[in-house]
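Here the structure comes first, spelled out in structure tokens, and everything after it is commentary.
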Amino acid sequence: MSHAMSESARLPILVVDDEADLRELLDITIRRMGHDVVTAPSLAAARAALARTPFSLVLTDMRLGDGLGIELVRELAAAPQRIPVAVVTAYGSADNAVEALKAGAFDYIAKPVALEQLRTLVMNALDRNGRAPVPQECGLVTDLLPGRSAAIGAVHHALPLLARSMAPVVIGGESGSGKERAARAVHALSARAAKPFVAVNCGAIPETLMEAEFFGVTKGAFTGADTDRGGFFQSAHGGTLLLDEVADLPLPMQVKLLRVLQERRVRRIGASREEAVDVRIMCASHQDLAGLVAAGRFRKDLFYRLNVLQLRMPTLRERREDLPQLTTAILAQLAARYGDAQPRRLSPAALAALADYAFPGNVRELENLLERAYTYAQHEVIEVGDLGTLEAPQESQPPAPVAPEVPAPASLPAGAAAAFAASSSPDAVTLSGPAAAMPAAGDSSAPAVTLPVDLPQLLETTERQIILQALRQTGFNRTAAAPLLGLSFRQLRYRMTQLGIRDDKEAGDGG
């Protein structure tokens with residue numbers, strides 16, 4: 001335990017409640033945890049106690065005989081001492097809890113008070129109060145979100161403030177702008193840093209499996225449930241649960257989530273009892289949640305419950321001056337991934353070309369673009385030509401009168417890419433050289449394809465089959481397989497990673 005933590009732990013805890021029985025219960029429970037307690041039956045008594053004694057935590061009821069506990073919340077939130085304050089709310093009073101969190105409360109607990117939740121609240125508050133401030137120089141935030149622009153600087157400033165609270169956070173911003181990274185930074189700066197961070201893509205879970213994935217199942221609950229299994233809430237217990245693309249949650253699941261947020265308890269499918277969960281919720285969405293509420297596609301009560309604290313991630317277009325730091329950080333990560341002693345670097349012309357690009361996919365698009373360039377560049381310096389075509393997506397155009405020739409995919413040399421036009425079956429291609437026996441992309445001998453077709457999926461599937469054939473033909477020797485495909489060893493390794501091909505003989509069963 002740090003010196004700061006021990007100093008905080010020695011300070012008493014102030015309990016403010018006008019109900020003698022509840023005041024006594026809170027007093028006894030907190031004293032059994034090893035902390036001194038001072039009690040106050042009214043708002044006036046609490047203010048008097050705060051004026052003469054420093055406290056490590058204030059726990060106040062929302063309704064007192066001479067006023068409202070939220071008055072105390074606002075006063076303490078504005079005070080320089082920054083004493084964490086938590087509120088006790090009546091059962092089902094979600095509006096009061098949200099109002100208190102927005103006013104600056106660290107956390108809340110509902111009546112009837114569950115002693116396990118009370119102990120967790122106290123430990124979280126004292127841990128947060130005793131943590132030494134994380135200096136900006138430690139690099140934690142800037143490692144996750146590199147940059148020096150005013151736009152990202154505002155995010156850097158907001159993250160420690162968000163980390164002080166246990167209130168839900170909604171992180172908005174375009175796809176690829178770094179919403180999950182921001183959530184990870186908040187978690188890492190918070191008192192929950194040592195506990196799990198669980199990120200869930202709400203749009204990727206089938207609706208029929210959603211309840212089991214979120215809340216868990218008990219053995220025998222349905223066919224195939226042969227063991228007890230926890231869900232996302234149990235996995236994130238004590239830590240943070242990020243609901244990415246929260247707007248994709250179906251309405252029935254929104255109702256269940258709202259209840260969990262209000263009661264902080266979940267029931268596994270097939271279970272007879274609920275279990276308490278201690279999870280901080282963060283949400284991310286590229287959609288306008290308030291607009292979805294107005295359109296009836298997102299529950300108003302859930303939005304109100306989630307939208308306590310907000311953070312907006314800027315687009316890459318708003319922070320172009322961060323490109324030098326971003327590209328340097330990404331290239332360093334790629335060098336570590338590929339085992340290179342020195343990372344490749346961008347030429348001034350390549351960096352200028354990136355600065356002129358609109359980046360509709362934001363930082364994620366930049367990462368993908370640099371990974372391709374890193375893989376295919378022939379020299380240590382990445383030039384403009386290695387970046388491929390930097391063109392922002394155009395508005396929908398009328399169809400051309402003549403179907404254009406399909407260009408070779410950027411991820412394969414022209415000779416190997418021509419195999420896609422030859423056949424969708426790997427058995428139809430004999431691999432003896434990078435361009436051997438492969439028809440041109442516009443060759444009329446290529447088999448007809450029934451349209452419409454999912455071309456990207458077809459190309460990816462075919463590429464995977466051809467790479468697997470080359471690996472089988474060489475006994476899964478990548479060094480020998482790469483020349484058969486017209487690829488370098490590094491390029492083949494990159495494509496295998498992108499296509500999910502394992503680097504062992506078991507990959508032969510995955511075609």
Side-chain angles (χ1 to χ4, degrees), residues 1-11 13 29-30 32-35 56-57 59 82-86 101 105-109 114-145 155-169 171 178-200 214 216 229-244 260-261 264-266 275-284 308-309 311 333:
M1 180 179 292
S2 68
H3 176 70
M5 179 63 190
S6 59
E7 288 294 327
S8 173
R10 282 199 292 268
L11 294 176
I13 294 172
T29 304
I30 296 172
R32 284 178 176 172
M33 294 178 66
H35 304 290
S56 59
L57 169 66
L59 183 61
R82 293 196 174 277
I83 302 171
V85 54
L101 292 171
F106 167 79
D107 207 347
Y108 76 93
I109 190 168
L115 298 186
E116 180 184 349
Q117 291 182 352
L118 173 63
R119 295 186 190 102
T120 299
L121 183 152
V122 171
M123 287 189 292
N124 285 339
L126 295 183
D127 186 30
R128 170 239 175 185
N129 202 37
R131 284 168 62 90
V134 180
Q136 191 68 24
E137 292 73 23
C138 75
L140 186 151
V141 171
T142 50
D143 282 351
L144 284 168
L145 298 166
V155 173
H156 290 169
H157 176 73
L159 294 177
L161 302 178
L162 297 174
R164 290 175 184 160
S165 173
M166 292 297 106
V169 182
I171 305 175
K179 296 186 291 295
E180 182 177 334
R181 283 176 173 263
R184 288 184 181 276
V186 172
H187 172 77
L189 291 170
S190 75
R192 296 173 177 261
K195 299 296 184 177
F197 176 92
V198 178
V200 178
F214 273 86
R229 178 172 62 84
F232 298 134
F233 276 91
Q234 289 90 343
S235 297
H237 183 70
T240 302
L241 178 61
L242 172 66
L243 304 179
D244 198 7
V260 172
L261 293 177
R264 297 185 174 184
R265 306 185 74 84
V266 298
E275 55 187 301
V277 287
D278 170 34
V279 173
R280 185 186 189 183
I281 296 293
M282 289 194 238
C283 301
V308 178
L309 303 174
L311 177 68
Q333 292 167 3

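Worth knowing before you read on, the calculation uses all heavy atoms, side chains too, and leaves out hydrogens, waters and symmetry mates. What you see is a predicted model, and the numbers here were worked out from it, not measured in a lab. In what follows, residues are counted from 1 in the order of the sequence shown.
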Enter the distance from [X]:[atom1] to [Y]:[atom2] here, rounded to the nearest 0.5 Å.
X: R184; Y: L145; atom1: CZ; atom2: CG; answer: 11.5 Å
X: L115; Y: T29; atom1: CG; atom2: OG1; answer: 4.5 Å
X: L162; Y: L309; atom1: CG; atom2: CG; answer: 6.0 Å
X: I109; Y: L121; atom1: CD1; atom2: CG; answer: 6.0 Å
X: R181; Y: I171; atom1: CZ; atom2: CD1; answer: 13.0 Å
X: D244; Y: C283; atom1: CG; atom2: SG; answer: 9.5 Å

Side-chain touch [X]/[Y], heavy atoms, less than 4.5 angstrom:
X: L57; Y: H35; answer: no
X: L59; Y: L118; answer: yes
X: R164; Y: F106; answer: no

Inset, instruction - For the pair I281 and F233, evaluate side-chain contact (heavy atoms from CB on, under 4.5 Å) and give the outcome as yes or no after the intermediate values. - result: CA-CA 10 Å; I281 296 293; F233 276 91; 3.9 Å; yes
Please name the pair of heavy atoms, one in [X] and one in [Y], separated by the smallest distance, quoted to 0.1 Å.
X: H187; Y: G239; answer: CE1-CA, 4.2 Å
X: A236; Y: V279; answer: O-CG2, 3.7 Å
X: P168; Y: L101; answer: CD-CD1, 4.1 Å
X: V169; Y: R280; answer: CG2-NH2, 3.3 Å
X: G231; Y: Q234; answer: N-OE1, 2.8 Å
X: A193; Y: A188; answer: CB-O, 3.3 Å

Legend entry - Side chain S56, main chain L126, donor-acceptor under 3.5 Å: no
Inset, instruction - Output yes when a side-chain donor or acceptor of S165 lies under 3.5 Å from a complementary backbone atom of L161, and no otherwise. - result: no
Legend entry - Results of ring pair (Phe, Tyr, Trp, His ring centres under 6.0 Å) for Y108 - residues two or more places apart only: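 With sequence neighbours excluded, Y108 shows a ring pair (Phe, Tyr, Trp, His ring centres under 6.0 Å) to no residue whatsoever.
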Legend entry - For D278, the option from R119, R264, R192, K195 that meets side chain to side chain donor-acceptor pair (under 3.5 Å):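 Per the side chain to side chain donor-acceptor pair (under 3.5 Å) rule, the option paired with D278 is R192, out of R119, R264, R192, K195.
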Legend entry - By side chain to side chain contact (heavy atoms under 4.5 Å, CB included) - contacts of A158 (at least two apart):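 By the side chain to side chain contact (heavy atoms under 4.5 Å, CB included) rule, A158 matches L311.
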Inset, instruction - Give me the ring orientation class for F214 and F232: parallel if the planes are under 30° apart, tilted from 30 to 60°, perpendicular past 60°. - result: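 Geometry flag for F232 against F214: perpendicular rings.
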